[in-house]
Protein chains: 2
Amino acid sequence: MLLDPSADDRLDRAFMALADPVRRGIIARLSRGPATVNELAEPFQITKQAVSKHIQVLEQAGLVTRTRDAQRRPVHLAPAQLEALTAWIDRFRLIHEQQFRSLDALLATTSGTDAAPAEAGATADPARKAERS
Amino acid sequence: MLLDPSADDRLDRAFMALADPVRRGIIARLSRGPATVNELAEPFQITKQAVSKHIQVLEQAGLVTRTRDAQRRPVHLAPAQLEALTAWIDRFRLIHEQQFRSLDALLATTSGTDAAPAEAGATADPARKAERS
DNA sequence: CCATTGATCAACTTGTTGGTTGACTAAGAG
DNA sequence: CTCTTAGTCAACCAACAAGTTGATCAATGG
């Protein structure tokens with residue numbers, strides 16, 4: 001089960017875990033501090049068992065951790081995985097932004113007449129020849 | 001286009017779209033510039049139809065757009081939705097960080113003997129009203 | 001006109017997710 | 001010991017997601 005989850009696998013679980021409004025609500029609540037299953041279940045119209053399953057999903061995704069406190073199992077936010085997600089997204093967001101800028105510069109130097117209406121790169125794309133990575 | 005998907009719905013689709021290594025690979029490829037379905041399908045061992053479906057998912061999530069170029073339908077990255085995702089994540093990441101800091105400060109002022117074993121917030125949690133004994 | 005290329009549509013199979021109910025374990029409290 | 005609180009486990013079901021094959025559409029080229 002938890003032997004060696006690849007980086008892809010970890011991202012899969014984390015993104016999937018956030019692709020549900022209940023689980024995002026749980027994350028939002030936990031950002032204010034730890035909470036028990038019952039407390040987390042209260043805002044939603046589903047059974048406690050369903051919430052427990054959601055928490056399991058979040059835990060397997062590395063987004064929360066559970067501790068012990070008598071009968072209670074307080075759930076805590078684990079921000080490290082959230083950081084990993086923003087890191088992944090921002091990586092490609094920034095690459096794209098840079099590509100866009102350099103393409104923009106290229107168009108500015110070659111065409112000279114008009115700067116092309118925002119729909120850049122549809123056919124004349126300098127990055128297209130790179131393949132078979 | 002669809003008729004007014006709620007913010008929750010949009011986040012659902014976007015996070016779900018990224019919860020798949022094929023689709024993340026497509027995003028990674030598109031960060032280098034637009035590509036056709038065939039180009040995007042090449043690195044993967046699945047049929048072109050499957051890739052087409054993945055692109056539909058990404059498009060409905062607002063992460064990519066498609067244009068026309070003769071028979072080709074070049075796919076472009078749409079970075080706005082990526083920004084929305086990092087915005088959502090960072091919101092709660094920062095709230096949590098701030099909570100953690102203020103709790104840390106609280107512990108530093110009240111307890112003078114032992115600084116607690118790193119698992120802060122488990123027992124002394126300002127957000128929980130339940131107290132025992 | 002017909003053939004080719006690029007991509008989508010439609011139907012179907014398979015596996016997984018989100019939810020339920022009911023039984024169960026664990027820890028205190030009377 | 002019994003009762004209550006907090007939570008999980010197990011079995012089941014409806015809905016959906018990912019992939020396949022086969023047919024179809026759209027644009028171009030001979």
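Numbered from 1 within each chain, the chains take letters A, B, ... in sequence-line order. Keep in mind that what you see is a predicted model, and the values were worked out from it rather than measured.
One atom, NE2 of A:His54, and another, P of C:dT17, lie 12 Å apart when rounded to the nearest Å. Per the geometry, CG belonging to B:Asp69 stands 12 Å off P belonging to D:dA27, to the nearest Å. Atom CD1 of B:Ile46 is separated from atom C1' of C:dT14 by 16 Å (rounded to the nearest Å). The interatomic distance linking B:Leu58 (CG) with C:dA7 (P) rounds to 16 Å, in whole Å.
Applying the salt bridge (Lys or Arg N to Asp or Glu O under 4.0 Å) criterion to A:Glu42, with sequence neighbours excluded, gives no partner residue. Under the rule for a side-chain hydrogen bond (donor to acceptor under 3.5 Å, both in side chains), the partners of A:Asp12 that lie at least two apart in sequence or sit in another chain are B:Arg24.
Considering only side-chain atoms of B:Val57, the nucleotide from D:dT21, C:dG18, D:dA18 that sits closest is D:dA18.
Electrostatic pairing of B:Arg73 and B:Asp69 does not count as a salt bridge here, judged by no charged N lying under 4.0 Å from a carboxylate O.
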Nucleotide N/O to protein N/O under 3.5 Å, stretch nucleotides 15-17 of chain D:
none

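Where A:Gln45 and A:Arg68 each meet DNA chain C at their nearest nucleotide, the meeting point lying more 5' is that of A:Gln45.
Residues B:Leu30 and A:His96 approach most closely at O-CD2, 4.0 Å, considering heavy atoms.
Side-chain N or O atoms of B:Arg68 include one that pairs as donor or acceptor with a backbone N or O of B:Ala70 at under 3.5 Å. Under a 3.5 Å cut-off, the side chain of A:Gln99 and the backbone N or O of B:Arg32 do form a donor-acceptor pair.
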Without placing hydrogens or testing angles, list every side-chain donor-acceptor pair under 3.5 Å for residues 52-59 of chain B, not counting sequence neighbours.
{"unit_1": "B:His54", "atom_1": "ND1", "unit_2": "B:Arg23", "atom_2": "NH1", "d": "3.2"}
{"unit_1": "B:Glu59", "atom_1": "OE1", "unit_2": "B:Arg66", "atom_2": "NE", "d": "3.2"}
{"unit_1": "B:Glu59", "atom_1": "OE1", "unit_2": "B:Arg66", "atom_2": "NH2", "d": "2.6"}

| Sugar-phosphate or base contact per nucleotide [nucleotides 6-14 of chain D; S, B, -; heavy atom under 4.0 Å] | SBBB-B---
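Contact annotation: A:Thr47 reaches the phosphate of C:dT20 (side-chain N/O to OP1 or OP2, under 4.0 Å).
Hydrophobic cluster membership of B:Met16, counting Ile, Leu, Val, Met, Phe, Trp and Tyr whose side-chain heavy atoms lie under 4.5 Å apart directly or via other members: A:Met16.
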